[in-house]
Amino acid sequence: MKKKAENYIINGKEFSLFMPQTEIIQIVSNLAERINYDYKDKSPTCILIMKGSVFFGADLMRLLTIDCRLESIRSSSYGNRMESSGKVNIQISDLNIKDKDILIVEDIVDSGRTLKALLVQLNALLPKSIQTVSFLSKPDKRKVNVDVKYIGKEIIPVFVIGYGLDYDEQGRHLPNLYAYV
Ligand code: PRP
């Protein structure tokens, strides 16, 4: 990964600044405020969908003032491409969520296929309730209908990296978002 001014070049593709860290912090803070209010009488289990939600999930949970628990699930669909492969591989093991209030924590909902597959598998484990919080959403890219209760920001259908999102496993650590345009 090469840095060129405020741009990054990964595998020959140039990404330019899309959202600064200051805006990211504000979005996460707004989401936490809504969740703290809605769940004030509950103790939700936050399930971070790895790897993309690692930074968002960590930042969000540190702003939660409610009693909450942390779980994680590995899910992958992209490979090293910029488009979803359409096949979702979800690894759920030893997850006991029966009768619990579940909050799925995603970095982005794009086609919606990952979230839809997650909802099918998690609902089969009989949680008391299940909702989703996603840092980003690309409504124009949706291929399946999914309900996302908490959306940080809807964005145009550009490929973004940073703050957990990657291109070919690179760029996840960047504190700002960068877009390939
Ligand atoms: C990304 C992202 C979501 C999913 C969204 O994960 O973290 O989980 O794709 O895309 P969709 O709505 O089209 O299904 P990815 O499969 O790339 O794995 P990663 O989190 O390890 O990067």
Side-chain angles (χ1 to χ4, degrees), residues 1 8-11 13 15 18-19 21 23-25 27-28 31-32 35 44-62 70-93 95 97 102-125 127 130-181:
M1 185 166 69
Y8 282 88
I9 298 170
I10 301 176
N11 296 355
K13 291 188 164 54
F15 295 78
F18 183 75
M19 185 189 293
Q21 188 176 21
E23 186 179 347
I24 292 174
I25 291 168
I27 289 169
V28 179
L31 287 169
I35 292 166
T45 298
C46 298
I47 303 182
L48 273 55
I49 310 306
M50 301 306 234
K51 304 175 194 170
S53 74
V54 61
F55 298 104
F56 169 55
D59 287 347
L60 178 77
M61 287 191 74
R62 280 179 291 189
L70 167 64
E71 292 285 354
S72 67
I73 291 175
R74 177 80 180 103
S75 166
S76 56
S77 67
Y78 270 71
N80 63 359
R81 307 213 303 261
M82 285 191 163
E83 291 291 330
S84 171
S85 67
K87 288 182 191 161
V88 183
N89 176 28
I90 296 172
Q91 296 166 20
I92 296 180
S93 60
L95 188 65
I97 58 169
I102 300 303
L103 198 52
I104 296 174
V105 181
E106 267 287 24
D107 52 323
I108 190 164
V109 179
D110 197 322
S111 70
R113 289 192 185 105
T114 300
L115 182 55
K116 185 159 189 169
L118 280 165
L119 286 167
V120 169
Q121 294 200 27
L122 292 177
N123 273 316
L125 301 177
I130 188 159
Q131 296 290 357
T132 301
V133 54
S134 184
F135 173 59
L136 298 174
S137 173
K138 289 186 199 166
D140 295 342
K141 297 277 279 186
R142 210 70 95 238
K143 294 278 191 287
V144 295
N145 194 22
V146 281
D147 178 41
V148 186
K149 180 156 188 183
Y150 306 98
I151 292 173
K153 184 156 186 173
E154 290 189 341
I155 62 167
I156 55 173
V158 289
F159 188 86
V160 289
I161 61 165
Y163 200 55
L165 293 111
D166 73 302
Y167 173 50
D168 198 14
E169 290 300 327
Q170 296 178 73
R172 292 193 197 271
H173 65 292
L174 300 171
N176 307 308
L177 287 182
Y178 295 82
Y180 177 67
V181 282

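The first residue of the sequence shown is numbered 1, and numbering continues consecutively from there. Counting convention: from 1, in listed order, for ligands and their atoms alike. It should be emphasised that the depicted structure is a prediction, and the values quoted were computed from it without experimental measurement.
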Taking only heavy atoms of [X] into account, list the atoms of ligand 1 that are under 4.0 Å away from them.
X: S76; answer: 16 (O), 18 (O)
X: M50; answer: 20 (O), 21 (O)
X: D166; answer: 22 (O)
X: R113; answer: 12 (O), 14 (O)
X: R74; answer: 21 (O)

**Asked** Which word best sums up how the rings of F135 and F56 line up, parallel for under 30°, tilted for 30 to 60°, or perpendicular for over 60°?
**Response**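 Tilted, since the angle between the ring planes falls between 30° and 60°.
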Within the structure, is a non-hydrogen atom of [X] found at a distance of less than 4.0 Å from ligand 1?
X: E169; answer: no
X: K138; answer: no
X: K141; answer: no
X: L115; answer: no

**Prompt:** At what distance, to the nearest 0.5 angstrom, does CG of L118 lie from CD1 of I92?
**Reply:** 6.5 Å
**Message:** Looking at every non-hydrogen atom in both residues, tell me the closest pair between E169 and K51 and how far apart they are.
**Reply:** OE1-NZ, 3.1 Å
Could you tabulate the donor-acceptor pairs under 3.5 Å formed by side-chain atoms of residues 149-160, not counting sequence neighbours?
unit_1 : atom_1 : unit_2 : atom_2 : d
Y150   : OH     : D38    : OD2    : 2.6
K153   : NZ     : E23    : OE2    : 2.7

**Asked** Between K143, K138, K141, which is the residue that forms a side chain to side chain donor-acceptor pair (under 3.5 Å) with D110?
**Response** K138
**Asked** Taking distance alone, with no angle check, do G52 and ligand 1 share an N/O pair under 3.5 Å?
**Response**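 Yes; the residue has a nitrogen or oxygen that sits under 3.5 Å from a nitrogen or oxygen of the ligand.
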**Item:** N/O separation below 3.5 Å, I108 to ligand 1
**Value:**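 It does not: no N or O of I108 is found under 3.5 Å from an N or O of ligand 1.
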**Message:** One residue to check: D107. Relative to ligand 1, which of side chain, backbone, both or neither has a non-hydrogen atom less than 4.0 Å away?
**Reply:**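 Answer for D107: side chain.
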**Message:** Tell me every residue that passes side chain to side chain donor-acceptor pair (under 3.5 Å) with R142, counting only those two or more places apart in sequence or in another chain.
**Reply:** S137
**Asked** Just going by heavy-atom distances, which of A117, S111, S53 is nearest to atom 13 (O) of ligand 1?
**Response**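 When every heavy atom of A117, S111, S53 is considered, S111 comes closest to atom 13 (O) of ligand 1.
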**4.5 Å side-chain heavy-atom contact, M1 and L174** = yes
**Prompt:** Picking from Y178, F15, Y180, what satisfies side chain to side chain contact (heavy atoms under 4.5 Å, CB included) with Y167?
**Reply:**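 So, applying the side chain to side chain contact (heavy atoms under 4.5 Å, CB included) to Y167 and each of Y178, F15, Y180, only F15 qualifies.
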**Message:** Could you check whether any side-chain N or O of S75 sits under 3.5 Å from a backbone N or O of I49, counting only pairs where one atom can act as donor and the other as acceptor?
**Reply:** no
